[in-house]
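Let me begin by presenting the structure, written as structure tokens, before commenting on it.
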Amino acid sequence: MTLRVRILAYDGVEALDFAGPFEVFTTASRVSQRMDAGTQAPFEVASVALSSNGRQPVQARAGLRLLADHDLATNPGADVLIVPGGVVDAPMASPATLRWIADCAAGAQVVASVCTGVFLLGKSGVVTHEAVTTHWEDIADLREQFPSLDVREGERWIDSGRVVSSAGISAGIDMSLYLVERLSGRALAERTARQMDYAWTSGSSPSA
């Protein structure tokens, strides 16, 4: 079965927070079909933003522009929802974005955040008490804003079951490879990391 991976995009998103998971899951599907040409791709990856379809590109934190595949109004379902970090002030103040995150997360098998994306999970009510992590620079703010969360420092990623969160920026790649392992097996995760020429910090999965 092909799992639908949806990655949120918004103005101010950190480019690698978005592009790292995108690269991992699309590469995993390509590698999987090389390994066994007769099987379905394990992942179908698409981006979602407040508006899309060429009408209004998203501008990432460093100025990179991208056009999302879907807008929030089309409400594309997800089996795996990924919420990247960046400058999250605008999406934190957007009821439509927070509502979509909550609705999409309710139907997803896995919800994952990269870096400050966990603030959006907290604000939308997707996480309330789980063990989570974020960029080292934002640990104190996360604890202050969401005191009921079990905020852990010094972890590349935390698996709390349905919710998986990662530390800053490049840690999202490690987390995404871990999710490939969790959802489709370690062999595919290792082959994906090899294809990306990426030194995967795998180890054993930190869990709550």
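Along the sequence shown, the residues carry numbers beginning at 1.
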**OP:** Under the salt bridge (Lys or Arg N to Asp or Glu O under 4.0 Å) rule, what do R186 and E190 come out as? Steps first, then yes or no, please.
**Re:** CA-CA 6 Å; R186 187 168 183 87; E190 289 178 339; 2.9 Å; yes
**OP:** Pick out which of V180, L177, T192 makes a side chain to side chain contact (heavy atoms under 4.5 Å, CB included) with T27.
**Re:** T192
**OP:** Could you tell me whether E130 and R152 make a salt bridge, using a distance below 4.0 angstrom between a side-chain N and a carboxylate O?
**Re:** no
Original post:
Do L98 and V111 belong to the same hydrophobic cluster, where Ile, Leu, Val, Met, Phe, Trp and Tyr are linked whenever their side-chain heavy atoms lie under 4.5 Å apart, directly or via other members?
Top reply: yes
Original post:
Around R143, counting heavy atoms of other residues, nucleotides and ligands shown, do more than 12 lie under 6.0 Å from its CZ?
Top reply: yes
**OP:** Any chance you could lay out the side chain to side chain contact (heavy atoms under 4.5 Å, CB included) test for S32 and T39, step after step, and finish with the verdict?
**Re:** CA-CA 8 Å; S32 174; T39 62; 4.2 Å; yes
**OP:** Would you check if the side chain of T2 reaches a backbone N or O of A41 as a donor-acceptor pair within less than 3.5 Å?
**Re:** yes
**OP:** Quick one: closest heavy-atom pair of Q40 and Q33, and the distance?
**Re:** C-NE2, 4.2 Å
Original post:
For D159 and R182, what are the C-alpha separation, side-chain angles and deciding distance, and is it a salt bridge (Lys or Arg N to Asp or Glu O under 4.0 Å)?
Top reply: CA-CA 10 Å; D159 184 344; R182 173 174 154 176; 3.1 Å; yes
**OP:** Please answer whether the main-chain N or O of S166 pairs with a side-chain N or O of T133 as donor and acceptor at a distance below 3.5 Å.
**Re:** no
Subject >> Residue pair S170 / Y198: nearest heavy atoms and the distance that separates them >> reply: O-OH, 3.7 Å
Original post:
Do I101 and L121 come close enough that some side-chain heavy atom pair is under 4.5 Å?
Top reply: yes
**OP:** Show your reasoning for whether side chain to side chain contact (heavy atoms under 4.5 Å, CB included) applies to V114 and I169.
**Re:** CA-CA 7 Å; V114 183; I169 311 179; 6.0 Å; no
Original post:
Considering all heavy atoms of both residues, which atom of S165 and which atom of M175 are nearest to each other, and what is their separation?
Top reply: C-SD, 3.8 Å
Subject >> Spacing of CZ belonging to F25 relative to CG belonging to L183, to within rounding of 0.5 Å >> reply: 6.5 Å
Subject >> Closest approach of G85 to D17 (non-hydrogen atoms, all atoms of both residues) >> reply: N-OD2, 2.9 Å
Original post:
Does Y10 reach the main-chain N or O of P84 with its side chain, forming a donor-acceptor pair under 3.5 Å?
Top reply: yes
**OP:** Determine yes or no for a side-chain-to-main-chain donor-acceptor pair under 3.5 angstrom, with S176 supplying the side chain and V24 the backbone.
**Re:** no
Subject >> Heavy-atom pair with the smallest gap, counting every atom of H135 and C115 >> reply: CB-SG, 3.5 Å
Original post:
Which heavy atom of W157 sits nearest a heavy atom of Y178, and at what distance?
Top reply: NE1-CD2, 3.3 Å
Subject >> Within-4.5 Å side-chain heavy-atom neighbours: D150 and V132 >> reply: no
**OP:** For the residue pair Q195 and R34, establish whether any side-chain heavy-atom pair is separated by less than 4.5 Å.
**Re:** yes
Original post:
Are any side-chain N or O atoms of T26 and backbone N or O atoms of F22, one a donor and one an acceptor, separated by less than 3.5 Å?
Top reply: yes
Subject >> Main-chain N/O of A108 paired to R162 side chain as donor or acceptor, under 3.5 Å >> reply: yes
**OP:** Report yes or no: does D71 contribute a side-chain atom to a donor-acceptor pair with the main-chain N or O of L50 at less than 3.5 Å?
**Re:** no
Original post:
Taking atom types as modelled and ignoring hydrogens, do the side chains of S47 and D69 form a donor-acceptor contact shorter than 3.5 angstrom?
Top reply: yes
Original post:
Would you say R191 has more than 12 foreign heavy atoms packed within less than 6.0 Å of its CZ?
Top reply: no
Original post:
How far apart are the C-alpha atoms of V164 and I158, what are their side-chain angles, what is the distance that settles it, and do they pass the side chain to side chain contact (heavy atoms under 4.5 Å, CB included) test?
Top reply: CA-CA 6 Å; V164 183; I158 297 288; over 6 Å; no
Original post:
Rounded to the nearest 0.5 Å, what separation is found between the CD atom of E181 and the CH2 atom of W200?
Top reply: 4.0 Å
Original post:
Salt-bridged, R6 to D79, with N to O below 4.0 Å?
Top reply: no
